[in-house]
Number of protein chains: 2
Amino acid sequence: MATKQHELAVQIRQRIENGEFSDTNRLPTEDQLIEQYGVSRYCVRGAVAILAEAGEVFPVRGSGVFVRERRSGNYMPMSAANGFTFDFAKHKVTSTIQELALVRADAQLAKRMKCDEDAQVWRVVRLRTVDDLPISFETAWYLKEFVPMLNESIAKGSLYAYLRDDLGLSFGFTDRVIRMGWLDSLSARLLHLHEGDPAICIEDDAFLANGRLFNASHSLYHYNNAQFYSVASMR
Amino acid sequence: MATKQHELAVQIRQRIENGEFSDTNRLPTEDQLIEQYGVSRYCVRGAVAILAEAGEVFPVRGSGVFVRERRSGNYMPMSAANGFTFDFAKHKVTSTIQELALVRADAQLAKRMKCDEDAQVWRVVRLRTVDDLPISFETAWYLKEFVPMLNESIAKGSLYAYLRDDLGLSFGFTDRVIRMGWLDSLSARLLHLHEGDPAICIEDDAFLANGRLFNASHSLYHYNNAQFYSVASMR
DNA sequence: GAGTGGTCTAGACCACATT
DNA sequence: ATGTGGTCTAGACCACTCA
């Protein structure tokens with residue numbers, strides 16, 4: 001569902017990319033945006049907050065909202081979790097499926113996913129590439145309770161888009177843990193690295209808007225090809 | 001500056017920790033909190049958002065605001081950047097100073113910190129431990145323009161608290177990049193690891209509320225003792 | 001002093017969960 | 001049908017920047 005704030009953020013972003021503010025590097029004032037779009041200050045501030053969280057602008061009290069320089073390298077956003085395909089919409093994303101099977105949760109997975117032991121779970125193992133570089137080796141589990149059907153065609157594309165648009169699931173939040181991991185022989189071969197090499201490891205637990213966990217995953221990232229970006233608030 | 005929202009978040013957190021809601025695992029409704037504290041809905045929702053961002057509660061439309069289980073391990077928050085000492089207020093934090101010197105920026109640092117070459121910069125190298133475990137080897141730079149004085153006594157404690165409370169600086173946001181790094185002989189020795197070992201590397205660029213960069217840093221984290229946590233929105 | 005973003009209030013309507 | 005959180009509006013006052 002697109003709110004007014006999100007739509008406004010998209011429009012402002014468009015104007016930034018068109019270079020409309022490149023002379024002063026400042027957005028119009030809040031009052032001007034209210035005027036231009038016929039919306040309330042709440043919406044304008046919400047849209048600016050979306051852009052600020054993405055590191056595209058920063059507001060300074062008393063001065064205005066400044067457009068930030070675009071970061072040069074390729075970074076993956078740390079604070080978003082809308083799926084690989086969405087988060088890297090501007091890049092060429094591919095997924096090579098290593099495994100797609102309906103399995104029963106073992107004790108460990110059942111504990112993590114807060115489901116019954118022997119509950120049915122889709123297990124999906126994929127190699128992900130961005131702009132033709134191998135980025136990550138991902139193992140993901142989806143509770144069949146929420147995802148009745150899954151196949152290779154879906155898993156090759158945007159699995160999250162399928163869940164949202166076709167199954168009607170609405171997402172809430174994702175718990176994310178970042179730590180060091182180590183490659184086994186399969187992940188090393190696929191990432192063009194060596195067994196035992198280090199990898200940045202991200203464990204995600206993804207919840208629906210109603211607070212139910214529906215997806216857990218474990219991703220090992222290529223130590224040269226992947227780096228992450230986030231902007232942290234200091235208030 | 002403590003806003004009403006932050007004060008309210010602290011009070012609600014206190015009640016959670018006292019176990020007041022442990023029967024239903026739900027906070028009072030927004031209307032009840034408005035009633036209990038005599039504040040507006042804006043404040044109540046702001047306070048809940050603060051707790052939700054920290055992973056302590058999650059709101060479900062139509063149902064209420066649920067208290068989450070406390071995470072078991074020790075994680076460092078990824079989305080906060082208020083300094084080590086603050087972010088781990090509940091832990092025993094120590095900093096061993098390896099170097100504290102007033103130096104001139106070289107070309108590389110000047111570019112990163114957007115200052116003149118030869119600008120004066122405090123260079124602070126510290127080993128940080130949490131609960132007596134070596135956690136990270138940190139190299140930080142502070143522009144003398146904003147930090148006229150610095151000494152070992154300050155750097156051993158909470159440098160950020162000094163900047164905020166004594167120098168009156170007000171912080172804005174921090175750009176953060178996470179990637180893989182590798183230990184040199186000094187950092188390896190201090191972290192009780194080996195030269196060439198991998199480390200999670202975090203590069204921070206910290207900005208004041210007026211958008212001026214005042215601090216850059218480079219931290220190498222112990223691959224066993226450090227892990228990070230964040231909760232990502234999926235809207 | 002004029003103009004900017006930050007916090008706060010009061011009130012309306014909407015989307016969703018539960019009874 | 002009721003109650004919950006989510007979005008949106010209008011308006012006030014405050015903190016800060018800059019001429």
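A, B, ... follow the sequence lines: proteins, then strands. Residue 1 opens every chain.
For R45(B), a side-chain nitrogen or oxygen approaches OP1 or OP2 of dG6(D) to under 4.0 Å. Q5(A) has a side-chain polar atom (N or O) that falls below the 4.0 Å cut-off from OP1 or OP2 of dC8(D).
Summarising the geometry, the separation between CD on E30(A) and P on dT7(C) is reported as 11 Å, rounded to the nearest angstrom. dC13(C) atom C1' lies 14 Å from atom CG of D31(B), rounded to whole Å. Remark: C1' of dG6(D) and CZ of F173(A) are 16 Å apart, rounded to the nearest angstrom. The separation between I34(A) atom CD1 and dG5(C) atom C1' is 11 Å, rounded to whole Å. As rounded to whole Å, 15 Å separates atom P of dC8(C) from atom CG of L33(B). The CD1-C1' distance, from I50(B) to dG6(C), rounds to 13 Å in whole Å. Between R212(B) atom CZ and dT17(D) atom P the separation is 12 Å, expressed in whole Å. For F66(B) and dC16(C), the CZ to C1' distance is 12 Å, given to the nearest whole Å.
The aromatic rings of F214(B) and Y160(B) sit tilted relative to each other, their planes meeting at an angle between 30° and 60°. Between F58(B) and F66(B), the ring planes lie parallel to each other; the angle is under 30°, not in the 30° to 60° tilted range.
Comparing R26(B) and K4(A) against DNA chain D, the residue whose closest nucleotide sits nearer the 5' end is R26(B). Between G38(B) and V60(B), the residue anchored nearer the 5' end of DNA chain C, judged by the nucleotide with its closest heavy atom, is G38(B). Both Y42(B) and S170(A) sit near DNA chain C, but only Y42(B) has its closest nucleotide nearer the 5' end. Nearest-nucleotide assignment on DNA chain D puts the 5′-proximal partner with Q32(B), out of C43(A) and Q32(B).
With W122(A) contributing its side chain and V147(A) its backbone, the two residues share a donor-acceptor pair below 3.5 Å.
Remark: the R41(B) side chain and the dG6(D) base include a donor-acceptor N/O pair separated by less than 3.5 Å.
Of the candidates dT4(D), dC8(C), dC14(D), the closest approach to any side-chain atom of R61(B) belongs to dT4(D). Side-chain atoms of S63(B) lie closest to dT18(C) of the nucleotides dC8(C), dG6(C), dT18(C). Here the side chain of T29(B) is nearest to one of dG5(D), dG5(C), dT9(D), namely dG5(D).
The environment of R212(B) atom CZ is sparse: at most 12 non-hydrogen atoms of other residues, nucleotides or ligands sit within 6.0 angstrom. Enclosure of atom CD in E53(A) is not indicated, since only 12 or fewer non-hydrogen atoms of other residues, nucleotides or ligands lie within 6.0 angstrom.
Counting any heavy atom pair closer than 4.0 Å across all strands shown, V48(A) reaches no nucleic acid atom.
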